[in-house]
Participant: 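Pasting a structure here, questions to come.
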Amino acid sequence: MIDILALAIKLVGVGFLIVATVGLLRFDDPFQRMHAATKAGTLGAGLVLIGTMLNKGSMDAALTGGLTLLFLLLTIPVASHLLARAAYISGAQLAGVGDADALRDVIDRFEEPIEKKLERVADAGRPFGAKGLARGLAGSVAGPVTTDPVLAGLAGRDFVSLKDAIAPERVRFAAVGGGVPLLAHRAADFAARTGRPLTAVIAVDTKYVDATGDSAATMRAIRDRVCCWLPDLRDVFQEKGVPLDLVYEEGDAEALMSGVGDAREFLVLPTAGWADHGVDIATPHATKEPDGLLRIANAHPGPVMYAVDEQKSGPVVVSFDNSYDIWRAMDLALVEGLWSMSELRIVGFVDDDIRAEIERRAEEAGVPVVFVAADAAPRGGPLIPADVARDAVAVILPDLPRPLRTRWYGMFWQDKISPGWRGDVLVWT
């Protein structure tokens with residue numbers, strides 16, 4: 001009789017395992033699949049364990065099986081909760097939820113899942129014509145299929161430029177390094193001129209603080225330095241008439257500065273410096289200057305401008321590769337008037353259709369265009385010839401030069417763009 005009961009319990013457990021397997025294969029989003037998998041780990045495996053314990057009928061089997069069952073009941077629900085939270089924050093699909101997301105304003109969440117970001121990165125290097133970019137989403141000309149969360153919502157709309165698609169809704173300024181008050185003018189100018197809200201983020205890199213060996217003293221030194229220029233930062237906001245939204249955070253500096261994955265957020269960063277705020281305390285097992293500044297552009301899905309302290313007027317150079325990223329970054333600069341451009345210089349190969357489209361967009365912005373021959377940029381050398389970038393106030397790039405370090409064997413990262421050149425860099429990766 002015990003054997004029959006044990007067999008029945010095992011069969012029920014196996015039934016739960018089969019149902020859970022079907023659920024994993026058929027459910028639409030990770031949360032539903034996790035619900036099915038939990039049933040396999042608790043009810044399915046638990047009933048099989050109970051059936052085995054009845055079969056054995058010994059104290060050792062009961063003790064081992066009972067402890068195993070207790071371990072499953074204690075760990076699987078907790079692990080499922082943590083996995084579900086991570087999946088939600090990462091932007092995983094919520095099938096059938098629609099606008100009824102009860103956690104929308106409770107937990108910060110990325111706008112798009114990781115798979116979409118990978119697709120967007122893959123599509124970014126795929127060349128396509130200017131006509132396809134300008135009108136492909138409207139269906140008048142066969143164009144690329146975009147995975148960008150902002151542009152995807154514009155399918156079927158009739159628009160000629162990317163003005164409606166790329167307009168930032170807010171500005172985020174990373175207040176790090178030594179020239180914070182000066183650089184704050186740049187972010188505040190843009191926010192005041194466009195009427196967009198501005199958030200200044202003072203981030204402190206706790207990994208660096210812990211690596212110095214005396215975290216308490218290092219943190220005090222950083223806080224003292226921040227307090228020195230904090231009144232100047234407030235003065236900048238008041239002078240520009242921009243409401244002060246100041247955020248102080250300690251933790252993963254790259255994540256804090258890059259934001260929450262909002263493609264509509266315009267991020268302003270310094271060209272040098274880090275979230276150690278220049279306290280100049282060496283770490284035993286790392287470089288003297290911790291540095292993740294250039295990696296932030298890859299973590300942030302929106303436009304990123306590495307800005308110098310003072311805004312100037314002059315030519316703007318575009319390293320043109322006909323990718324999706326370079327088109328929308330160039331359009332952003334023209335539409336929003338990021339700089340007072342005396343000239344737009346296009347470096348790279350363009351055909352007649354692309355040339356005509358660039359000229360049309362520049363004409364709408366009232367900016368003259370000059371096209372530089374594609375072979376002017378030497379292979380393996382700087383991205384832009386020195387004579388082209390010499391008097392440029394800004395450069396627009398499809399991606400940042402590698403390696404992603406502000407200084408590499410003594411060379412400043414902008415020297416890889418053009419030797420000796422210093423200015424703003426706009427990138428949207």
Side-chain angles (χ1 to χ4, degrees), residues 124-125 127 130 133 161-162 166 183 186 190 266-272 293-294 297 303-351 354-402 404 406 411-429:
L133 179 71
S161 79
L162 294 181
I166 63 173
L183 190 58
R186 301 291 310 277
F190 180 78
F266 183 63
L267 180 61
V268 181
L269 298 171
T271 58
L293 190 65
L294 300 186
V304 178
M305 182 172 72
Y306 290 89
V308 295
D309 295 342
E310 182 182 358
Q311 182 168 355
K312 301 178 181 178
S313 301
V316 173
V317 179
V318 181
S319 180
F320 190 82
D321 65 349
N322 198 29
S323 66
Y324 169 60
D325 289 332
I326 201 66
W327 273 103
R328 61 180 179 174
M330 183 177 65
D331 244 12
L332 174 65
L334 291 171
V335 170
E336 297 293 344
L338 292 182
W339 304 279
S340 180
M341 297 187 203
S342 61
E343 186 177 80
L344 185 67
R345 296 175 184 169
I346 307 297
V347 179
F349 175 78
V350 294
D351 59 25
I354 294 174
R355 178 186 292 264
E357 182 66 20
I358 293 175
E359 289 176 341
R360 184 189 65 77
R361 297 186 187 199
E363 183 180 0
E364 288 181 356
V367 178
V369 184
V370 174
F371 294 90
V372 180
D375 57 359
R379 293 189 178 185
L383 300 177
I384 299 171
D387 58 332
V388 176
R390 184 175 295 114
D391 58 343
V393 298
V395 167
I396 302 175
L397 300 176
D399 199 2
L400 293 175
R402 263 50 177 180
L404 296 177
T406 54
M411 177 186 288
F412 189 60
W413 68 281
Q414 291 193 344
D415 288 324
K416 290 178 281 187
I417 298 174
S418 190
W421 177 81
R422 299 293 183 269
D424 295 344
V425 175
L426 177 64
V427 63
W428 195 340
T429 59

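Quantities reported herein were computed from a predicted structural model and do not represent experimental measurements.
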Participant: Just by distance, no angles: are the side chains of Asp321 and Ser323 close enough, under 3.5 Å, to form a donor-acceptor pair?
Facilitator: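 There is such a pair (donor and acceptor under 3.5 Å, judged by atom type) between the side chains of Asp321 and Ser323.
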Participant: Could Arg361 and Glu363 be called an ion pair, given the rule that one side-chain N must be under 4.0 Å from one carboxylate O?
Facilitator: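 No, no charged N to carboxylate O under 4.0 Å.
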Participant: Distance-only, no hydrogens or angles: does the Gln414 side chain make a donor-acceptor pair with backbone N or O of Gly423 under 3.5 Å?
Facilitator: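 Yes.
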Participant: Are Met305 and Leu267 side-chain neighbours, meaning at least one heavy-atom pair lies under 4.5 Å?
Facilitator: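 Not in contact.
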Participant: Side-chain contact, heavy-atom cut-off 4.5 Å: Val425 with Leu400?
Facilitator: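 Result yes, sub-4.5 Å side-chain heavy-atom pair found.
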Participant: I'd like to know if the side chain of Tyr306 and the backbone of Val427 have a donor-acceptor N/O pair within less than 3.5 Å.
Facilitator: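 Absent.
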Participant: Take Arg402 and Leu404 through the side-chain contact (heavy atoms from CB on, under 4.5 Å) test and state the conclusion after the steps.
Facilitator: CA-CA 5 Å; Arg402 263 50 177 180; Leu404 296 177; 3.8 Å; yes
Participant: With heavy-atom distances below 4.5 Å as the criterion, would you say the side chains of Phe190 and Val268 are in contact?
Facilitator: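 The answer is no, as the side chains (C-beta and beyond) never meet within the 4.5 Å cut-off.
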Participant: Is there side-chain contact between Val304 and Leu269, with heavy atoms separated by less than 4.5 Å?
Facilitator: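 The answer is yes; the side chains approach within 4.5 Å.
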Participant: Distance-only, no hydrogens or angles: does the Trp428 side chain make a donor-acceptor pair with backbone N or O of Met330 under 3.5 Å?
Facilitator: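 Judged by distance alone, no pair lies under 3.5 Å.
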Participant: Please check: side-chain N/O of Gln311 versus main-chain N/O of Val393, any donor-acceptor pairing under 3.5 Å?
Facilitator: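 Flag not set: sc Gln311 to bb Val393 has no pair under 3.5 Å.
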Participant: State, to 0.1 Å, how close Val317 and Ala389 come at their nearest heavy-atom pair, and which atoms those are.
Facilitator: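 Where Val317 meets Ala389 most closely, the heavy atoms are CG2-CA, 4.4 Å.
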Participant: Under 4.0 Å between a Lys/Arg side-chain N and an Asp/Glu carboxylate O for Lys312 and Asp391?
Facilitator: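 Salt bridge flag = no for Asp391 with Lys312.
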Participant: Would you say the side chain of Trp421 lies within less than 4.5 Å of the side chain of Asp415, judging by non-hydrogen atoms?
Facilitator: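 No - every pair of side-chain heavy atoms lies 4.5 Å or more apart.
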Participant: Is the backbone of Ile384 close enough, under 3.5 Å, to the side chain of Ser418 for a donor and an acceptor to pair up by distance?
Facilitator: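 Checking the backbone N and O of Ile384 against the side chain of Ser418, a donor-acceptor pair under 3.5 Å is found.
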Participant: Between Trp413 and Leu293, is a side-chain contact (heavy atoms from CB on, under 4.5 Å) present by the stated rule, with each step listed?
Facilitator: CA-CA 11 Å; Trp413 68 281; Leu293 190 65; 5.7 Å; no
Participant: Between Trp327 and Ile354, is there a side-chain heavy-atom distance shorter than 4.5 Å?
Facilitator: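 In contact.
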Participant: Hey, are Asp424 and Trp339 close enough side-chain-wise for a donor-acceptor pair under 3.5 Å?
Facilitator: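 Short answer, yes.
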Participant: Report the C-alpha distance between Met341 and Leu334 in whole Å, list the side-chain angles of each, state the deciding distance to 0.1 Å, and finish with yes or no for side-chain contact (heavy atoms from CB on, under 4.5 Å).
Facilitator: CA-CA 9 Å; Met341 297 187 203; Leu334 291 171; 4.1 Å; yes
Participant: CD1/Ile358 to CZ/Arg355 distance, rounded to the nearest 0.5 angstrom?
Facilitator: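 Those atoms lie 8.5 Å apart.
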Participant: Any side-chain heavy-atom pair from Ile396 and Ser319 closer than 4.5 angstrom?
Facilitator: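 Not touching, per the 4.5 Å side-chain cut-off.
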Participant: Under the side-chain contact (heavy atoms from CB on, under 4.5 Å) criterion, do Thr406 and Leu294 qualify, and how do the steps go?
Facilitator: CA-CA 7 Å; Thr406 54; Leu294 300 186; 4.1 Å; yes
Participant: Shortest non-hydrogen contact from Pro419 to Pro382?
Facilitator: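 Where Pro419 meets Pro382 most closely, the heavy atoms are CD-CG, 3.5 Å.
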Participant: Does Arg345 make a cation-pi contact with Phe371 (under 6.0 Å, within 45 degrees of the axis)?
Facilitator: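 Relative to the ring axis of Phe371, which defines the angle, Arg345 lies outside at least one limit.
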Participant: Starting at CG of Leu338, measure out to CG of Leu332 and round the result to the nearest 0.5 Å.
Facilitator: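 The CG atom of Leu332 is 5.0 Å from CG of Leu338, to the nearest 0.5 Å.
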Participant: Nearest 0.5 Å, what's the CD1-CG distance between Ile326 and Leu397?
Facilitator: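 The CD1 atom of Ile326 sits 6.5 Å away from the CG atom of Leu397.
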Participant: Side chains of Asn322 and Phe349: does their closest heavy-atom pair fall under 4.5 Å?
Facilitator: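 Contact flag for Asn322/Phe349 side chains = no.
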